[in-house]
2 protein chains.
Amino acid sequence: VNARWDTVAIIGVGLIGGSLGLGLRKRGLARRVVGIGRREATLREALECGAVSEITTDLAAGVAEADWVVVCTPVEQVPRHVVQALHAAPAHSIVTDAGSTKRSIVRDVRRLLAMESAAPRATFIGSHPMAGSEKTGVRHGSPDLLQSRLVIITPEEDTRPEDAERLTQFWQSLGARVERLSPAAHDQAVAAISHLPHAIASLLAANTSEDDLRLAATGWLDTTRIAAGDVELWRQILTQNRDCVLRSLHQFGKVLNSFTQALEHQDDAELTRLLALGKQRRDALAD
Amino acid sequence: VNARWDTVAIIGVGLIGGSLGLGLRKRGLARRVVGIGRREATLREALECGAVSEITTDLAAGVAEADWVVVCTPVEQVPRHVVQALHAAPAHSIVTDAGSTKRSIVRDVRRLLAMESAAPRATFIGSHPMAGSEKTGVRHGSPDLLQSRLVIITPEEDTRPEDAERLTQFWQSLGARVERLSPAAHDQAVAAISHLPHAIASLLAANTSEDDLRLAATGWLDTTRIAAGDVELWRQILTQNRDCVLRSLHQFGKVLNSFTQALEHQDDAELTRLLALGKQRRDALAD
């Protein structure tokens, strides 16, 4: 069997990490997929699902022979895991992550590296696979989670072009489209397209009385679906991207206010304009 | 063939009216399903889809032998069509509708009736099938659109209990669950569970820049799906239920403000509380 890579190590084998492992193994891209984590039960589940070929709770041992290390832990833990991997992985290895925020992760990785005496051996470039689910855990994973989905990578000024290209090909090999953005451009765009909708969906659900819930139809179910996402994961994401999310919230508050004013003053033209603009934006994307 | 009813007339054969016809015919519930509308092309499409067994642009002729008349036109047209049907349908007939607002329709039906010299022959009771789609037209319809869905009926003080019971059985025969609410209770609950989410989804979509759209993933797509709904239909609904929708918008604005404040002041406990409440409400319903 000619796998494209010998070893891929995945730190954190939940929905994203598990799906990544399933995708690599289904496509025969890696001879070994090492699942690394803290909890034995989670690791064993990933092994049983076929998402990884071996498991360990020892991060350094797990990444020791890895061509690729993908850190799929909650965003607050990502920098520490990235730095540990950068020291323990081979020099040719690229370490990346799957975190939904980028400035904070990139900054904290640099801070942690600056505090250490030894230089890192491997190379870090941030990634954000724009795929996921309100569900959690490897048992909800899919080998095709990334198929036709977008992965944003955030090379920095000192990233070697060939490393960014290798990372692009890594995600493409799993069926993803890849776009490059700076960490700052990433955080601003993703605040608008992902973090704001998450906050709004959560607040819509939180704002619904238990009594009204029984009347919920597909509209409410669609609009609030992502509110079922993991609370602590999302608190971390929203907090790490605080300034951009606040800017998006304020901008949304203005549009909400325009709409409320238009309804209050029976301004049909403005109501129609806003509803038509929303329909135009939504119709621009297929389902 | 022993159909349960001889003739059902449907005024307005779009997504809801067409699905109703498909459901009645699939289940063999009516010998004749008469599609009534203004546009020949729409009527012919309904006939070709098998949603109705005959078509006419003459409302009075179409309902003349109907055991049931269901008015499925946009909410601003419903009262006029209901009143026309009440005069032209047989005395034993029940006229109902599929409008998403109820106080305004019930009030306008009474107003129009009070302006006429002749008493109506048939009986009106309002209905709101809580099923639909952002799609429009009979070609997106389904005979099972109402299966396991909720239909709210709004009997009034002078509604005979046996008529409310007959209407309940009518919707149940199509697989729906039926709940009774007053028109006022309906409008308040539906503002919260349906009209507010529609407005919010539209505003989220309208608020997204064309540049950010290319980064949209499933979260954005789910949360904004209903923004693709018909603009004029929804402008009418939101306007007819203006006071209740405004109350829901103001209440949502308060929760949005609490969340924004919590994020601004790094109040993790409050962020967690709101996200957890949203998750709890969403998890209470299966998909």
Side-chain angles (χ1 to χ4, degrees), chain A residues 130-131 149-150 189-190 192-194 197-209 212-213 215-217 219-228 231 234-235 238 242 245-246 249 251-253 255-256 259-260 263-264 266 268 271-272 274-279 281-285 287, chain B residues 130-131 149-150 189-190 192-194 197-209 212-213 215-217 219-228 231 234-235 238-239 242 245-246 249 251-253 255-256 259-260 263-264 268 271-272 274-279 281-285 287:
Chain A
M130 304 277 293
R149 297 305 174 78
L150 182 67
V190 165
I193 204 77
S194 166
H198 192 95
I200 297 298
S202 292
L203 296 174
L204 257 181
N207 188 48
T208 305
S209 75
D212 288 340
L213 267 190
L215 307 179
W220 190 90
L221 291 170
D222 280 346
T223 311
T224 60
R225 181 159 297 114
I226 52 179
V231 169
W234 276 97
R235 189 201 60 72
L238 296 168
R242 208 165 67 91
V245 175
L246 281 171
L249 281 165
Q251 198 186 323
F252 181 77
V255 180
L256 183 64
F259 184 87
T260 305
L263 190 59
E264 224 152 43
Q266 313 209 34
D268 283 354
L271 287 178
T272 299
L274 286 167
L275 293 171
L277 182 58
K279 178 170 171 56
R281 292 281 193 267
R282 188 57 182 79
D283 285 346
L285 296 182
D287 245 309
Chain B
M130 303 278 293
R149 298 303 175 78
L150 182 67
V190 165
I193 204 77
S194 166
H198 193 95
I200 297 299
S202 292
L203 296 174
L204 257 182
N207 188 49
T208 304
S209 76
D212 288 340
L213 267 189
L215 307 179
W220 191 90
L221 291 171
D222 280 346
T223 311
T224 59
R225 182 159 297 115
I226 52 178
V231 169
W234 276 96
R235 189 201 59 74
L238 296 168
T239 301
R242 208 165 66 92
V245 175
L246 281 171
L249 281 165
Q251 198 187 322
F252 181 77
V255 180
L256 183 64
F259 184 86
T260 304
L263 191 59
E264 225 152 43
D268 283 355
L271 288 178
T272 299
L274 286 167
L275 292 171
L277 182 57
K279 179 170 170 57
R281 292 280 193 267
R282 188 57 183 78
D283 285 346
L285 296 182
D287 246 308

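By convention in this document, chain letters (A, B, ...) are assigned in the order of the sequence lines, proteins followed by strands, and residues within each chain are numbered from 1. On a predicted model such as this, the values are computed, not experimentally measured, just so you know.
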Check your understanding: Between A:Arg281 and B:Thr208, is there a donor-acceptor pair closer than 3.5 Å when you use the side chain of the first and the backbone of the second?
Key -> yes

Review point. How far apart are the closest heavy atoms of B:Leu275 and A:Ser202, and which atoms are they?
Key: CD2-OG, 3.5 Å

Exercise for review: Determine the minimum heavy-atom distance between B:Gly278 and A:Ala205, stating which atoms define it.
Suggested key: O-CB, 3.4 Å

Revision key, fill the gap. Whatever's closer than 4.5 Å to a heavy atom in chain B on A:Leu215 counts as both

Review point. A:Ser194 versus chain B, heavy atoms under 4.5 Å apart: side chain, backbone, both or neither?
Key: neither

Study note, to complete from the structure: One option among B:Val245, B:Ile200, B:Val190 has the most heavy-atom pairs under 4.5 Å with chain A, and it is B:Ile200

Exercise for review: Give the minimum heavy-atom separation between A:Val231 and B:Ala276, together with the two atoms involved.
Suggested key: CG2-CA, 3.6 Å

Practice item. Report yes if the side chains of A:Trp220 and B:Ile226 come closer than 4.5 Å at any heavy-atom pair, otherwise no. Key: no

Review point. If we only count heavy atoms from C-beta on, is the B:Leu238 to A:Leu271 side-chain gap below 4.5 Å?
Key: no

Point to revise | Main-chain N/O of B:Asp222 paired to A:Arg225 side chain as donor or acceptor, under 3.5 Å | key: no

**Study point:** Residue B:Asn207 versus chain A: region with a heavy atom under 4.5 Å
**Key:** both

Study note, to complete from the structure: The interface call for B:Thr224 against chain A, heavy-atom contacts under 4.5 Å, is both

Check your understanding: How far apart are the closest heavy atoms of A:Asp268 and B:Thr239, and which atoms are they?
Key -> OD1-OG1, 4.1 Å

Review point. Checking B:Phe252 against chain A: side chain, backbone, both or neither under 4.5 Å from a heavy atom?
Key: both

Study note, to complete from the structure: Checked A:Ala189, A:Ala228, A:Ala217 vs chain B; the most non-hydrogen pairs under 4.5 Å come from A:Ala228

Review point. Among B:Ala216, B:Gly253, B:Ala201, which has the most heavy-atom pairs under 4.5 Å with chain A?
Key: B:Ala216

Check your understanding: In terms of heavy-atom pairs under 4.5 Å with chain B, which of A:Asp283, A:Leu274, A:Thr260 leads?
Key -> A:Thr260

Revision key, fill the gap. When the 4.5 angstrom heavy-atom criterion is applied to A:Arg149 and chain B, the contacting part is side chain

Revision key, fill the gap. A:Leu204 and B:Pro197 have their tightest heavy-atom pair at CD1-CA, 4.1 Å

Exercise for review: Considering only heavy atoms and a distance below 4.5 Å, find which of B:Thr223, B:Asp212, B:Leu277 pairs most often with chain A.
Suggested key: B:Thr223

Review point. Is it the side chain or the backbone of B:Ala284 that comes within 4.5 Å of chain A heavy atoms, both, or neither?
Key: side chain

Practice item. Determine the minimum heavy-atom distance between B:Leu285 and A:Leu213, stating which atoms define it. Key: CD1-O, 3.8 Å

Point to revise | Gap separating the CG atom of A:Leu249 from the CG atom of B:Leu256, nearest 0.5 angstrom | key: 6.0 Å

Practice item. With a 4.5 Å cut-off on heavy-atom pairs, point out which of B:Arg235, B:Gln251, B:His198 contacts chain A the most. Key: B:Arg235

